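Accompanying notes for the structure given below.
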Amino acid sequence: MNTPHPPDPRDRPARLSVGVVGAGRVGPVLAASLQLAGHRPVAVSGVSETSVRRAAQLLPDVPLVSPAEVLARADLVLLTVPDDALPKLVEGLADTGAVRPGQLIAHTSGRYGAKVLDPALRAGALPLALHPAMTFTGTAVDVQRLAGCSFGVTAPDELRMAAEALVIEMGGEPEWIAEESRPLYHAALALGANHLVTLVAQAMELLREAGVAAPDRMLGPLLGAALDNALRSGDAALTGPVARGDAGTVAAHVTELRAHAPGMVAGYLAMARATADRALAHGTLKPELAEDLLGVLGGDPEGPAT
């Protein structure tokens, strides 16, 4: 008895021709995932040598052309450029007549909703904001990571189903974000993900200074458990000397940081104050222990601890 094989995506008729403007870490990955769903990448634009190599690896045989030519070839255009470059890019493409009526124009910025695409909308395009809430390496591993990844989706009501369908085809989970909530949504993700990288990198640096040979191995289980607990329990997962009100321990931390990593003192104090506030509000930090702790945390980051 022959075992049936799953259909090869290359054997299915392509439904949309896909173009990418900006071959950074995100665009080629999304186009590659859409290709697995049966769509057909037809053009990509990129400037740096890294972008060119990335496009060649993730989208082999897809021609590298100008942004205007990408729009000329594609039914669905992914604008995957930095946030600050997006408004001028959209205006420029619309002003030069590159946008075609009925063309799907999607950007992947977390900061902006669909309104930033208004110049393209006036030219007859269909605007979509599809932001994957994931950090990207720009390699093939990201295509697999899209499975179950949440996407912040913003679009006109009549395009909502189309936007959500594209996200599902990429393996993601659509989460509707109102236009006016996009900056707050993006701030939340930056606070959680971007600052986490900084904190982990600083912790590894301090462990190396303390003589730990493999700080990544030491931190891995600890940080994995802390993240899991935080996602499950929120403020109830708070632990450590700040949440306990151990003012003497926190003062010792500050002294050591001033001696070995003075550039980290301000960040430590700021995060400790925020932790103390949340621990107090949750009831983890007892009010009678908070006074001494807050006295330590109120010290000048550049001066001696109080």
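Since the model is a prediction, treat every value here as computed from it, not as a measurement.
A 4.5 Å side-chain heavy-atom check between Met218 and Leu207 finds at least one atom pair inside the cut-off. Using a 4.5 Å heavy-atom threshold, the side chains of Leu71 and Val21 count as touching. When side chains are defined from C-beta on, Leu93 counts as touching Leu79, because their heavy atoms get closer than 4.5 Å. Annotation: side chain of Arg145 is not in contact with side chain of Thr139 (no heavy-atom distance under 4.5 Å). By the 4.5 Å heavy-atom criterion applied to side chains, Arg73 and Val65 are counted as neighbours. Between Met264 and Glu205 the shortest side-chain heavy-atom distance falls below 4.5 Å. Considering only heavy atoms from C-beta on, Ser17 comes within 4.5 Å of Asp75 through its side chain. Residues Val242 and Leu293 are in side-chain contact: their nearest non-hydrogen atoms beyond the backbone lie under 4.5 Å apart.
Both Leu166 and Leu78 belong to a common hydrophobic cluster when Ile, Leu, Val, Met, Phe, Trp and Tyr are linked at side-chain heavy-atom distances under 4.5 angstrom. Hydrophobic clustering (side-chain heavy atoms under 4.5 Å, transitive across Ile, Leu, Val, Met, Phe, Trp, Tyr) keeps Leu89 apart from Leu64. When hydrophobic clusters are built by joining Ile, Leu, Val, Met, Phe, Trp and Tyr residues whose side-chain heavy atoms come closer than 4.5 Å, directly or via intermediates, Leu196 is grouped together with Leu222. Note: the hydrophobic cluster containing Leu206 also contains Val254 (ILVMFWY, side chain heavy atoms under 4.5 Å, direct or indirect links). Val20 and Val52 fall within a single hydrophobic cluster, where Ile, Leu, Val, Met, Phe, Trp and Tyr are joined by side-chain heavy atoms under 4.5 Å apart, directly or via other members.
For the pairing with Met170, the side-chain contact (heavy atoms from CB on, under 4.5 Å) check across Leu30, Leu36, Val143 returns one residue only, Leu30. When each of His107, Glu179, Arg182 is tested with Tyr112 by the rule side-chain contact (heavy atoms from CB on, under 4.5 Å), just one qualifies, namely His107.
The line from CG of Leu146 to CE of Met134 is 4.5 Å long, rounded to the nearest 0.5 Å. In this structure, CG on Leu16 lies 8.0 Å from CD on Glu169, to the nearest 0.5 angstrom.
The number of heavy-atom neighbours closer than 6.0 Å to CD of Glu158, taken from other residues, nucleotides and ligands shown, is above 12. Atom CD of Glu288 is surrounded by more than 12 heavy atoms from other residues, nucleotides or ligands within 6.0 Å.
Checking side-chain atoms of Thr154 against main-chain N and O of Ala178 turns up no donor-acceptor pair under 3.5 Å. Remark: side-chain polar atoms of Arg273 are paired, donor with acceptor, to backbone N or O of Leu297 under 3.5 angstrom. Here the side chain of Arg100 pairs a donor or acceptor atom with the backbone of Ala74 at under 3.5 angstrom.
For the residue pair Tyr268 and His253, a side-chain donor N or O sits within less than 3.5 Å of a side-chain acceptor on the partner.
The pair Arg160-Asp157 does not count as a salt bridge, with every side-chain nitrogen at least 4.0 angstrom from each carboxylate oxygen. A salt bridge does not link Asp95 to Lys88: none of the charged side-chain nitrogens sits closer than 4.0 Å to a carboxylate oxygen.
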Passes side-chain contact (heavy atoms from CB on, under 4.5 Å), Asn229 versus Thr239? Steps please.
CA-CA 10 Å; Asn229 290 341; Thr239 186; over 6 Å; no
